[in-house]
J.: 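Here it is, the structure, as structure tokens.
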Amino acid sequence: VHGKSINRLKSIDEQSEQGFAGLTKKERLGMERDQGKLQASLGGIREMGGRPDLIFVIDVKKEALAIAEANKLGIPVVAVVDTNCPPDGIDYIIPGNDDASRAISLYCDLAARAALDGMSAQLGAAGVDIGAMEEAPEEE
């Protein structure tokens, strides 16, 4: 389903770059409206190369749909689970507070560092000399 929508968004973007040549005002407005809706719902996943290896979720209640979709697709779910949330559908539970902004910042920082460590370990195992790379992996 998402593949068709992403292709539609790319098609509309290409037409937009050409100024919607050959379209009536009504058709152009409809395309711009579709573009806005698709961008809002698919903007973040648009340039992904494929299916993610896992998803990391902070608020299990708010992201119940994403968790259900990941379960359906067989994508492992890592989530911060508060006492007021059911752990259903979560493969790797991180018990913690999903409301405090400092806690959320810490969880995101730790997840990002773990991902970067894993990527550099994978590159190292593949025999890539990270020190000799032109563009080093960015770390915040």
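Please read these numbers as outputs of a predicted model, since none were measured by experiment.
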J.: So, taking the atom named CE in Met119 and the one named CG in Asp117, what distance separates them when rounded to the nearest 0.5 Å?
T.: 10.5 Å
J.: Looking at Tyr107 and Phe56, what are the two nearest heavy atoms and their distance?
T.: O-CZ, 3.8 Å
J.: For the atom pair NZ (Lys37) and CD1 (Ile12), what is the distance rounded to the nearest 0.5 Å?
T.: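 Here the rounded value is 11.0 Å.
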J.: Please report the interatomic distance CD1(Ile58) to CD(Glu63), rounded to the nearest 0.5 Å.
T.: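 Reported to 0.5 Å precision, the distance equals 10.0 Å.
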J.: Measure the CG-CD distance between Leu29 and Glu27 for me, rounded to the nearest 0.5 Å.
T.: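 Leu29 CG to Glu27 CD: 10.5 Å, rounded to 0.5 Å.
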J.: For a 4.5 angstrom cut-off between non-hydrogen side-chain atoms, does Leu38 reach Gln35?
T.: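 Not touching, per the 4.5 Å side-chain cut-off.
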J.: Evaluate side chain to side chain contact (heavy atoms under 4.5 Å, CB included) for Met31 paired with Arg8, printing each intermediate quantity in order.
T.: CA-CA 10 Å; Met31 297 275 273; Arg8 172 110 173 100; 3.9 Å; yes
J.: Decide, yes or no, whether a salt bridge links Asp109 with Arg113 under the criterion of side-chain N to carboxylate O below 4.0 Å.
T.: yes
J.: Determine whether a donor-acceptor pair (N or O, by modelled atom type, separation under 3.5 Å) exists between the side chain of Glu14 and the backbone of Ser11.
T.: no
J.: Pair up each side-chain donor or acceptor in residues 76-99 with any protein partner under 3.5 Å, not counting sequence neighbours, and list the distances.
T.:
| unit_1 | atom_1 | unit_2 | atom_2 | d |
| --- | --- | --- | --- | --- |
| Asp91 | OD2 | Val77 | N | 2.8 |
| Asn97 | OD1 | Asp99 | N | 2.8 |

J.: Ile55, Leu73: one ILVMFWY side-chain cluster at the under-4.5 Å cut-off?
T.: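 As far as the 4.5 Å side-chain criterion goes, Leu73 and Ile55 are connected within one cluster.
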J.: Could you tell me if the side chain of Glu32 sits less than 4.5 Å from the side chain of Phe20, heavy atoms only?
T.: yes
J.: Side-chain heavy atoms under 4.5 angstrom apart, residues restricted to Ile, Leu, Val, Met, Phe, Trp, Tyr: same cluster for Leu116 and Leu106?
T.: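 In one cluster: no.
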